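Presented below is the structure to which this report refers.
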Protein chains: 2
Amino acid sequence: MRRDIFQAIADPTRRAIILLIAVQAMTPNALAEHFDTTRQAISKHLKVLIQCELVKPQQQGRQIYYQLEVEKIDEIDHWLRQFRKIWESRFERLDDLLTTLKKQQQ
Amino acid sequence: MRRDIFQAIADPTRRAIILLIAVQAMTPNALAEHFDTTRQAISKHLKVLIQCELVKPQQQGRQIYYQLEVEKIDEIDHWLRQFRKIWESRFERLDDLLTTLKKQQQ
DNA sequence: GATTTGGGAAACCAGTCGGTTGTATTATAT
DNA sequence: ATATAATACAACCGACTGGTTTCCCAAATC
């Protein structure tokens, strides 16, 4: 299944998970305590975050600490920068954007 | 229905729409030409974008030009800044720990 | 006034999502 | 060796998503 970071951060629970593990790596149980859902639901969210490489599991005994892959957050930044670049030069070169978009779709 | 900007930009077609109208306001028909879907599908995407105030319709005769509400994009930036603040303060805490350890060695 | 054109709204469909419950697996503790 | 704890995995469910098709409305054109 195709996962991308924008889909990953679309869910508010996942955004909260990201902020939590930004402070320190955490286990599913520890994370679940901060939410009003089951541990299994959190596990599913973590699975999504792993699939788009935002998060990395680190086994430690029978516990699994999930830690953030910070660099991945830059992909959001990248899109924002692309957007701002377009916005700032919005009166020039619509054609350039169109060819860029076409390439990205391929 | 509760809409938020993160859900809005989760869809790749909507992200492309945002980039397109960042250059200039466009009508649904004009937008649809750039995608492999029907005008109605694009209209639905625009509806989502309107609901979370990323886009504003502007009637002009029987055509409706959709234009971007740029400031709204800042909400993404805001979350990123919040995230980075947390991430950086994590290292500050590490620094504190390290200086504490250093003091203890002296 | 009839026709065409730009666009919205509704009904429908298959696929996905976020959640639950239940079961399986593995590491620690007794 | 057995019990317990931490977690994954699978099946299921209702809600939502992105898409299509069909229909309707209003503005422009003839």
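Since the structure is predicted, the reported quantities are computational estimates derived from the model, not experimental observations. Numbers restart at 1 for each chain; the letters A, B, ... are given by sequence-line order, proteins then strands.
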Counting just side-chain N and O atoms, does [X] come under 4.0 Å of either OP1 or OP2 of [N]?
X       : N      : answer
B:Asn29 : C:dT5  : no
B:His45 : D:dT17 : no
B:Arg3  : D:dC16 : no
B:Ser43 : C:dG7  : no
B:Thr38 : D:dT20 : yes
B:Arg39 : D:dT21 : no

For residues 9-27 of chain A, please give each side-chain donor-acceptor pair under 3.5 Å, one per line with the distance, not counting sequence neighbours.
from	atom 1	to	atom 2	distance (Å)
A:Asp11	OD2	A:Thr13	N	2.9
A:Asp11	OD2	A:Arg14	N	3.1
A:Arg14	NE	A:Ala8	O	2.7
A:Arg14	NH1	A:His45	ND1	3.1
A:Arg14	NH2	A:Gln7	O	3.3
A:Arg15	NH1	A:Ile9	O	2.7
A:Arg15	NH1	A:Ala10	O	3.2
A:Thr27	OG1	A:Ala30	N	3.2

Q. Ignoring hydrogens and angles, are the base of C:dT26 and the side chain of A:Arg62 linked by a donor-acceptor pair under 3.5 Å?
A.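 For A:Arg62, whose side chain was compared with the base of C:dT26, there is no donor-acceptor pair (under 3.5 Å).
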Q.
Using a distance-only criterion (donor-acceptor N/O pair, under 3.5 Å, no hydrogens), is the base of D:dT22 paired with the side chain of B:Gln40?
A. yes
(Q) Between B:Lys56 and B:Gln58, is there a side-chain heavy-atom distance shorter than 4.5 Å? (A) no
Q) Does A:Thr13 or A:Gln59 map to a spot on DNA chain C nearer the 5' end, using the closest nucleotide for each? A)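 Looking at DNA chain C, the more 5' nearest nucleotide goes with A:Thr13.
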Q) Do B:Arg90's NZ or CZ and the ring of B:Trp87 fall within the cation-pi criteria of under 6.0 Å and 45°? A)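 Ring-cation test returns yes.
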Please state how far atom [atom1] in [X] lies from atom [atom2] in [N], giving the value in whole angstrom units.
X       : N      : atom1 : atom2 : answer
B:Tyr66 : C:dG7  : OH    : P     : 8 Å
B:Gln58 : C:dG6  : CD    : P     : 19 Å
A:Asp11 : C:dC17 : CG    : C1'   : 9 Å

Q. For A:Pro28 and B:Ala41, take the nucleotide of DNA chain D holding the closest heavy atom to each; which residue's nucleotide lies nearer the 5' end?
A.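 First, find each residue's nearest nucleotide; the 5'-ward one identifies A:Pro28.
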(Q) Taking A:Asp77 first and then B:Arg84, would you say they form a salt bridge - that is, a charged N and a carboxylate O separated by under 4.0 Å? (A)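 Looking at B:Arg84 together with A:Asp77, the answer is yes, because their closest N to O distance falls below 4.0 Å.
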Q: Name the closest nucleotide to the B:Lys44 side chain, picking from D:dG19, C:dT28, D:dA27.
A: D:dG19
